[in-house]
2 protein chains.
Amino acid sequence: MEQPLVSISNLAQELLITPRTIRYYEEMGLLTPLHHEKMSQRLYGPRERARLTLILRGKRLGFSLAEIKEMIDLYDIDRTEGLQLERTVAYGEKRLQELEEKIQELILLKGELTDYHQQFTELLKKRNQERPKKEDAPRQQ
Amino acid sequence: MEQPLVSISNLAQELLITPRTIRYYEEMGLLTPLHHEKMSQRLYGPRERARLTLILRGKRLGFSLAEIKEMIDLYDIDRTEGLQLERTVAYGEKRLQELEEKIQELILLKGELTDYHQQFTELLKKRNQERPKKEDAPRQQ
DNA sequence: AAAAGGGTTGACGTTCACGTAAACTGGTGT
DNA sequence: ACACCAGTTTACGTGAACGTCAACCCTTTT
């Protein structure tokens, strides 16, 4: 039974962050929970939850909140309505291009580290051949 | 004519960063230029340049300097010599695993944004069909 | 000898992304 | 009515990653 609307600390708990973090993202314009007018509490629905997971994903990937905000603003139909769609689309293409470049760079980095890793692994193998352990090395940590 | 040893500001210029940044990385233990004993200046060879590019790559990908330092320390034969190779290798495997996860997450993010992008593109197409521009829309920016 | 052009070491300032604490408010159980 | 809990605002604190500035060498040019 997924409640459609949850409180700030519930949402925070669910996503393993603190309420403060959520409020901060709102303060930065990344979230807009139901909190208008004369309501004393913030309530978060599926839309805000989706945004938050997007934000957290972006953070894990090393994007700044400003960059993430740009992505979210692109992804937000309402906000973009009435804006020049051509520009928006072109801009989105640029961002996607950058994402692809980032992926390639990550793959490159992984390749580098993999190389060194293999060197080490072989070095380890040789050592174990030279002076193997008395008892067959136990596999438990 | 690639000089094997360059000054700090030369290196900074080459990599589009500031000398301060380079000194900071040294202070954090990420770089060890020739600066021992009784030398008044720092000099950077190919080894340090390689490290620096690795650092910058890591930064672009959102890793903290602490994380990057871990990678570098793995990648550094001298420093690891005498250390428990088994642990090093195991640890490296964990890092590589994390890298792979990050790649997957990036691909996921790109997928999400691509979806939204296509929605927008189609929206734009429809609009242009409804009320096409007087003159056939010119394709130049 | 004096000035100029890098390089060096502090040391303090700054931005981002929150952490933390205080003081207040609003509904809820007893 | 009162305690209690969850949420809110306000504000100051913090760690990472540098920026900026001052004051002090060397070395080279004039």
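Not counting sequence neighbours, the partners of B:Leu61 by the side chain to side chain contact (heavy atoms under 4.5 Å, CB included) test are A:Lys102, A:Glu105, A:Leu106, A:Leu109, B:Arg57, B:Phe63. Listed by chain and residue number, A:Leu31, A:Thr32, A:Arg47, A:Glu48, A:Ile72, A:Tyr75, A:Asp76 satisfy the side chain to side chain contact (heavy atoms under 4.5 Å, CB included) test with A:Arg51 (two or more places apart in sequence, or in another chain). Considering only residues two or more places apart in sequence or on other chains, A:Tyr91 meets the side chain to side chain contact (heavy atoms under 4.5 Å, CB included) condition with A:Glu70, A:Leu74, A:Lys94, A:Arg95. Under the ring-ring contact (aromatic ring centres under 6.0 Å, His included) criterion, A:Tyr24 pairs with no residue, sequence neighbours left out. A:Asp115 is linked by a side chain to side chain contact (heavy atoms under 4.5 Å, CB included) to nothing, counting only residues two or more places apart in sequence or in another chain.
Distance OH (A:Tyr44) to P (D:dT8): 7 Å, rounded to an integer number of Å. Computed from coordinates, the B:Ile22 CD1 to D:dA17 P distance equals 16 Å when rounded to whole Å. The separation between A:Leu5 atom CG and D:dG7 atom C1' is 16 Å, rounded to whole Å. In this structure, CZ of B:Arg23 is placed 20 Å from C1' of D:dA16, rounded to the nearest angstrom. Remark: P of C:dA17 and CD1 of A:Ile55 are 11 Å apart, rounded to the nearest angstrom. Protein atom CD of A:Gln13 is 16 Å distant from nucleotide atom P of D:dC5, rounded to whole Å. When the P atom of C:dC16 is taken as reference, atom NZ of A:Lys69 falls 14 Å away, rounded to whole Å. Counting to the nearest Å, the P atom of C:dG5 and the CD atom of B:Gln41 are 16 Å from each other.
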Short heteroatom pairs, N/O only, protein and nucleotides 18-22 of chain D, under 3.5 Å:
residue, atom, partner, partner atom, Å
D:dC18, OP2, B:Tyr25, OH, 2.5
D:dC18, OP2, B:Lys59, NZ, 3.4
D:dC18, N4, B:Arg20, NH2, 3.4
D:dG19, OP2, B:Thr18, OG1, 2.7
D:dG19, OP2, B:Thr21, OG1, 3.2
D:dG19, N7, B:Arg20, NE, 3.1
D:dG19, O6, B:Arg20, NH2, 3.1

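Side chain of A:Thr121 to main chain of A:His117: a donor-acceptor pair is present (N/O by atom type, distance under 3.5 Å, no hydrogens or angles).
Checking C:dG7, C:dA17, D:dG7 against the side-chain heavy atoms of B:Ser7 singles out C:dG7 as nearest.
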